[in-house]
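Take a look at the structure below.
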Amino acid sequence: MSKPILQVTKMNKSFQVKSKKALFQKPKQVQILNNISFELLEGETLSIVGESGCGKTTLGRCIVRGVSASSGEVIYHAEGGEEVNFLQMNKKETKTYRKDIQMIFQDPYSSLSPRMSVFDIIAEPLIANFKLSRAEIEAKVTEIAEKTGLNAGFLKRFPHAFSGGQRQRIAIARALITQPRLIVCDEAVSALDVSIQAQIINLLKDLQDQYKITYIFISHDLSIVQNISDRVAVMHLGRIVELASSESLFGQPRHPYTEALMSAVPHPDPEVKKERIILEGEVPNPANPPSGCHFHPRCRYRTEKCTQEVPDLRDIGYNHFVACHYAEELQLKGVPTEDAAGM
Ligand code: SF4
């Protein structure tokens, strides 16, 4: 059984927001992440899904410390057995562990500096984290470029000379160069064509097998998530509302929000007609969230209780966690796996 690499406990993140219309009013605290807890196992891929604005990118950034969480714990289990709380690290610890966790961003067009050669882009984290000779740096950059499918002869070129898929390979090579144990992929394939998406997903899987990397894969696209994940966490308005193995979540979702997201995933058999669940109303405003279950204004199964009581995220068996008062009773539709569909 795999060991945990990261334990996130009761993590919260709020921002102060000031209305442009009410200049003399005090800024309002907006809760973007609310009581987030989960464990990440070594070598697994945990996907975080949800609509835009649900807090999934903020969660990824809090883990890589691109932004600081307001409270909670993020315990990192280092390779040597030490346990460090990422939210309370001093400068020295930050430098020691920064190389272990990297991030790949969504847009390969804007995440790479146009003024740096591809060689310099890939080498930069290596130079920042290790003391190496020029020859060692060149050897490592060439090796990682080849592993990620880049032509080592083109490393002196600049990013604008590469296609979207090649640029994302450059971003992956840059993330891999420090030999990280965990990579947070934030919508890493969303900006790419479908055929290129498949190539990059396959590359990420191959690299995971080769280097035993753990991934947090942030995406709004459930068809991609189904293909890559061991486990999936569904987020709605800053909270995890469902967390389970990919098989269990796609086979039998237990939260009405997950069911609605799944209804948009195409069935493996094109002959099968699916009911698309259109959620009523707008995504609620995190500055003014609904009472009780935050999903209740859009939920077709809501009752009076839902409008008053916040459901806790609880284990309903087999490590399937759900935040819904009626998780055991509702019969919700999922997406058949390829096996179940007889493919
Ligand atoms: Fe819907 Fe109620 Fe469950 Fe919330 S608690 S998801 S409103 S049934």
Side-chain angles (χ1 to χ4, degrees), residues 8-14 30-39 46-59 72 218-223 225-226 229 231-265 267 274-336:
V8 178
T9 311
K10 295 186 178 169
M11 187 165 75
N12 294 292
K13 174 67 189 170
S14 53
V30 178
Q31 189 94 8
I32 304 297
L33 296 178
N34 201 325
N35 213 15
I36 299 285
S37 296
F38 64 90
E39 193 172 74
L46 173 70
S47 289
I48 316 256
V49 301
E51 294 162 294
S52 299
C54 70
K56 55 191 190 300
T57 291
T58 306
L59 174 56
I218 297 168
S219 179
H220 67 279
D221 188 333
L222 276 115
S223 338
V225 162
Q226 188 177 17
S229 320
R231 289 189 303 144
V232 181
V234 180
M235 282 187 74
H236 179 263
L237 214 66
R239 293 169 191 256
I240 293 180
V241 294
E242 188 158 9
L243 171 62
S245 70
S246 182
E247 206 182 352
S248 177
L249 190 119
F250 280 92
Q252 192 172 18
R254 299 293 195 154
H255 194 284
Y257 178 58
T258 313
E259 183 191 42
L261 294 179
M262 301 247 169
S263 74
V265 177
H267 193 283
K274 283 182 69 186
E275 181 207 1
R276 175 90 191 256
I277 301 168
I278 309 290
L279 290 173
E280 307 161 15
E282 304 260 306
V283 179
N285 181 356
N288 190 17
S291 61
C293 171
H294 287 180
F295 185 60
H296 87 255
R298 304 164 83 198
C299 181
R300 55 184 182 167
Y301 307 103
R302 69 178 169 261
T303 65
E304 190 59 29
K305 181 180 178 181
C306 306
T307 63
Q308 289 159 12
E309 291 179 31
V310 181
D312 290 329
L313 185 69
R314 60 202 167 83
D315 187 355
I316 59 163
Y318 301 99
N319 288 323
H320 194 133
F321 294 84
V322 193
C324 170
H325 296 308
Y326 304 106
E328 289 89 344
E329 295 151 45
L330 295 173
Q331 292 298 318
L332 307 178
K333 287 196 190 80
V335 179

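Counting starts at 1 for both ligands and their atoms, in listed order.
- A salt bridge links Arg314 with Glu328; the closest basic N to acidic carboxylate O contact falls under 4.0 Å.
- Shown here are the protein N/O/S atoms lying under 2.8 Å from atom 3 (Fe) of ligand 1, water excluded: Cys324 SG.
- Classification of the His236-Phe295 ring pair by plane angle, with boundaries at 30° and 60°, yields perpendicular.
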| field | side-chain contact (heavy atoms from CB on, under 4.5 Å) between Gln331 and Gln252, worked out | value | CA-CA 8 Å; Gln331 292 298 318; Gln252 192 172 18; 4.0 Å; yes
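- Glu242 and Thr258 are linked by a side-chain donor-acceptor pair at a separation below 3.5 angstrom, with hydrogens and angles left out of the test.
- Counted by atom type alone, Thr303 and Tyr326 present one or more donor-acceptor pairs between their side chains at under 3.5 Å.
- Between the side chains of Tyr257 and Glu51, a donor-acceptor pair is found at a separation under 3.5 Å.
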